[in-house]
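The structure appears below as structure tokens.
Heavy atoms only: backbone and side chains are in, while hydrogens, waters and symmetry mates are out.
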Amino acid sequence: MNQSIICVVAAVTAFLLLSSTPGRCAEDEESGGLREPAVAGSFYPNDAKELRTQIEGYLQAADPPEVPGEIKVLLVPHAGYVFSAGTAAYSYKLLQTLDGIKTIILMGSPHRLPIRGVSIWPDGSYRTPLGEMAVAQEVAGRLMKSCEATFSATAHKMEHSLEVEVPFLQVVAPQAKLVPMLVQLKDTEQLERIAGVVAEELKRADTLLVISTDLSHYPTTGQIARLVDSITLSSIETLDPREILRVSAEQMQEGWENLQCTMCGQDAVLVAVMASEQLGINTVTRLHYSNSAAVAGEG
């Protein structure tokens, strides 16, 4: 099968990586209900009209290349819109052209509060200034059971990496429902197991996977960011999880000043790549790249 994994990632070097409290993990809970916005007014506009106007402007400006095959996976950045939305719009403009998408699995890695393995918001909806986006409760339930996932409202309520994608999804796929997933697994066997579960869901024609990640945090210059990010992107394009891990470790050992990670959503990216292998996905298309230094005019 000729399918495509779409790779669109922005490196963000000017945003603070929100740190976790050492040793403290999210507590398990049961029902999700309504998830209120946490970063509206800081990462993106809190006014509905302004937010929609911005998103429509970013989409209009985006000019993604033609992509061969069936689109099943998108990678998007999650920094403040001033830095990331112009790049994210390249993926979302493609999503806007897809017919029949009913379920979007939105996956990232936690920034504020560590979790145990996989945490899924199980029901209810995510609210943004544009309204509510319902959670696909049946799909979330299947994934929770198969992934042996837990649910931490606290981790989700504090997490920006999923939230900032929701307004875009509300504009380009208003008919779709959401499955918000946070992944924090360092064991590759566990990642492969989760990837297998996700791959089964992606076999459905109406289901898409969106991975939220930024790239390098926080090299001191845009030039270093571009170099590190180029190497990282090339590793993702191999669709080989072992190569991604090898390259990431190698870059972290290079001694780049202030480089804290090569991508903050690495576990989610690895799940996507492993699931792609199981689905027979064989193509990566790099749609757009940017970094915060370039956006800020610093090179």
Any idea which heavy atoms bring [X] and [Y] closest together, and the distance?
X: Gln278; Y: Gly196; answer: OE1-CA, 3.3 Å
X: Ile71; Y: Leu208; answer: O-CD1, 3.5 Å
X: Thr285; Y: Pro68; answer: OG1-CD, 4.1 Å
X: Phe83; Y: Ser292; answer: CD2-CB, 3.3 Å
X: Glu163; Y: Ala40; answer: OE2-N, 3.5 Å
X: Tyr58; Y: Ala85; answer: CE1-CB, 3.4 Å

Is there a continuous path of hydrophobic side-chain contacts, each under 4.5 Å between heavy atoms, that joins [X] to [Y]?
X: Leu259; Y: Tyr289; answer: no
X: Ile101; Y: Val73; answer: yes
X: Ile104; Y: Leu98; answer: yes
X: Val210; Y: Leu191; answer: yes
X: Leu185; Y: Leu245; answer: yes

Check: Phe168 ring centre within less than 6.0 Å of Tyr81 ring centre: yes
Checking the side chain of [X] only, and the main-chain atoms of [Y] only, is there a donor and an acceptor separated by less than 3.5 Å?
X: Gln170; Y: Gly131; value: yes
X: His217; Y: Leu215; value: yes
X: Lys72; Y: Lys203; value: no
X: Gln175; Y: Gly100; value: no
X: Glu159; Y: His111; value: yes
X: Ser91; Y: Ala88; value: no
X: Lys93; Y: Pro64; value: no
X: Ser230; Y: Leu227; value: no
X: Ser276; Y: Ile281; value: no
X: Glu165; Y: Ser212; value: no

Distance-only donor-acceptor hits, side chain of residues 248-258, under 3.5 Å, sequence neighbours excluded:
from   : atom 1 : to     : atom 2 : distance (Å)
Ser248 : OG     : Thr262 : OG1    : 2.9
Ser248 : OG     : Gln266 : OE1    : 3.1
Glu250 : OE2    : Arg246 : NH1    : 3.1
Gln251 : OE1    : Trp256 : NE1    : 3.3
Asn258 : ND2    : Tyr218 : O      : 3.1

His78 and His160 aromatic ring geometry - parallel, tilted or perpendicular at 30°/60° bounds: perpendicular
Note, [X] side chain near [Y] side chain (heavy atom, < 4.5 Å):
X: Leu287; Y: Pro65; value: yes
X: Thr103; Y: Glu201; value: no
X: Thr207; Y: Val139; value: no
X: Pro180; Y: Val135; value: yes
X: Pro167; Y: Ile55; value: yes
X: Lys157; Y: Trp121; value: yes
X: Glu36; Y: Leu34; value: yes

More than 12 heavy atoms from other groups under 6.0 Å of CG on Asp99: no
Enclosure of Glu56 CD (heavy-atom neighbours >12, cutoff 6.0 Å): yes
Pairing of Arg242 and Asp240 as salt bridge, 4.0 angstrom limit: yes
Charged N-O contact under 4.0 Å between Glu189 and Arg193: no
Name of the residue among Asn46, Val164, Val166 meeting side chain to side chain contact (heavy atoms under 4.5 Å, CB included) with Thr128: Val166
Test applied, side chain to side chain contact (heavy atoms under 4.5 Å, CB included); reference residue, Val271; option that passes from Val197, Val118, Val183: Val183
Interatomic spacing from CE in Met144 to CE in Met181 - rounded to 0.5 Å: 9.5 Å
Rounded distance [0.5 Å steps], CD1 in Ile236 versus CD1 in Ile231: 12.5 Å
All salt bridge (charged side-chain N to carboxylate O under 4.0 Å, His left out) counterparts of Glu148, not counting sequence neighbours: none
